[in-house]
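Step one of this worksheet: look at the structure below.
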Amino acid sequence: MSKLKNPKPDTLITQSGRNPAANFGIVNPPVYHASTILHGTVAELEEADRTPFDGVRYGRRGTPTTFALEDAMRDLESGYRTIALPSGLAAITASLMAFVQAGDHILMVDTAYAPTRFFCDKVLKGFGVETTYYDPMIGGAIKDLMRPETKVVFTESPGSVTFEVQDIPAIAEEAHKLGAVVLCDNTWATPYYFKPLAHGADVSINAATKYIVGHADCMMGLVTCTEEAYMPVRRATALLGHGVGPDDCYLALRGLRTLAVRLPRHHESALKVATWLSERPEVANVLHPALDNCPGHDVFKRDFGGSTGLFAVELKPDYSKEQLTRMLDGMELLSMGYSWGGYESLILPQNPSNIRTATQWQDRGPLLRIHIGLEDVSDILSDLEAGLDRLKG
Ligand SMILES: *Cc1c(COP(=O)(O)O)cnc(C)c1O
């Protein structure tokens, strides 16, 4: 870490989590492959057993490559410590399991990433943990849904597929009064544009697979905790047997180094495309947190430093499946794929109606989720214009 007094985020991203002096002056940390860690003396062995989560103890718990990534992310999040997990979903499930047991209750945002819902409905339910879904716009009224056994309030802002922005400070204030912890899936914004812990959350979860890795070439989850939330999450991660490969940690750290130049470009290009789309006759609605028709746009302006490349567009309801298929099958630049956050542009038909229970998504036009990558924005617009033309006829 740099010796500057208050390094800004762009500086932290380039300086944190590396120590060239300990490594022949080489800029990046080496990739350590390890399972067995040798302890020279009984005293050293006993010291390792006393502090299982500090230092190099066991391959699964990480090597200096893992710790370099965890330290850099911790500094960017302004958290106590960060834990690396093998995927974003593993980071979500381990964080939930850290805080609930049979008889407990979870308040889950209705617009959560769909597999987060499925984990609650298909796994935690079987273990005797109940989940209630709530409207992402609930704010401080979350208090009316809190029960004595509510241990977790889970947030994801903006929401998956429909992009509602949550008032996390208001939710956290009520949750904390009744002793629940607040978890935040912050994958869309990354800590570069929104800092969950500074806005009241106890745990910030990132599918680093997306913008942190940034090149569509490895899976990773990063969970950053306050001091109080750290040990439960670390223990759950260890007991569930999660460990991440050192090559993947290296890729994630390499991706992180350029986050501060990639995200502003995603921000700018996506906003241009979203604005262009909102003026097209085929479009009913553009769902993008930085547009003022987005639910929670005021909170977005108050709490977020910028927007990223992912948003959705709702077409007018007049188009058939065949017309939509013709549009999508003919795209040249925007490809169909689920995992976003790489340098490339994506487009994907989505139907939120079957992944909502506390809110409604019905009688709406076809929805397309779009990720704007780092291509020249005029080429992206040409591809979309030709695509919208294929809707006709
Ligand atoms: C992709 C995604 C995840 C899951 O991440 P993986 O690394 O693919 O498991 C979790 N939350 C959100 C919001 C996501 O977009």
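Fair warning: this is a prediction, and the values are worked out from it, not measured in the lab. Any value given below was found using the heavy atoms of this structure, including those in side chains, with hydrogens, waters and symmetry copies removed. Order of appearance sets the numbers: ligands from 1, and atoms from 1 within every ligand.
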Could you list the atoms of ligand 1 found under 4.0 angstrom from a heavy atom of [X]?
X: Leu89; answer: 4 (C), 5 (O), 6 (P), 9 (O)
X: Glu156; answer: 13 (C)
X: Thr209; answer: 6 (P), 7 (O)
X: Met219; answer: 6 (P), 7 (O), 8 (O)

Protein contact to [atom] [nearest heavy atom, distance to 0.1 Å]:
atom: atom 5 (O) of ligand 1; result: Ala207 CB, 3.2 Å
atom: atom 6 (P) of ligand 1; result: Gly88 N, 3.3 Å
atom: atom 10 (C) of ligand 1; result: Tyr113 CD2, 3.4 Å
atom: atom 14 (C) of ligand 1; result: Lys210 NZ, 2.9 Å

Within 45° cone of Tyr133 ring axis and under 6.0 Å: Arg117 NZ or CZ = yes

Compute both the distance and the angle, then confirm whether Lys210 meets the cation-pi test with Tyr113: under 6.0 Å from the six-membered ring centre, within 45 degrees of the axis.
->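 Verdict for Tyr113: a cation-pi partner in Lys210.
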
Where's the contact between Ile92 and ligand 1, heavy-atom distance under 4.0 Å: side chain, backbone, both or neither?
-> side chain

Is there any N or O on Asp185 that sits under 3.5 Å from an N or O of ligand 1?
->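 Indeed, backbone or side chain, Asp185 has an N or O that close.
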
Any N or O on Ser160 sitting closer than 3.5 Å to an N or O of ligand 1?
-> no

Does the side chain of His288 pick up a donor-acceptor pair with the side chain of Asn293 at under 3.5 Å?
-> no

Quick one: side chains of residues 327-335, donor-acceptor pairs under 3.5 Å with protein atoms, not counting sequence neighbours, listed by atom name and distance.
{"from": "Ser335", "atom 1": "OG", "to": "Leu333", "atom 2": "O", "distance (Å)": "3.4"}

Would you mind reporting whether Ile355 and Phe118 have side-chain heavy atoms less than 4.5 Å apart?
-> yes

Salt-bridged, Lys301 to Asp292, with N to O below 4.0 Å?
-> no

Output yes when Arg61 and Asp54 qualify as a salt bridge under the 4.0 Å nitrogen-oxygen rule, no when they do not.
-> no

Only one of Tyr338, Phe311, Tyr211, Tyr343 passes ring pair (Phe, Tyr, Trp, His ring centres under 6.0 Å) with His371; say which it is.
->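 Only one option passes, and that is Tyr211.
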
Trp340 near ligand 1, heavy-atom distance under 4.0 Å?
-> yes

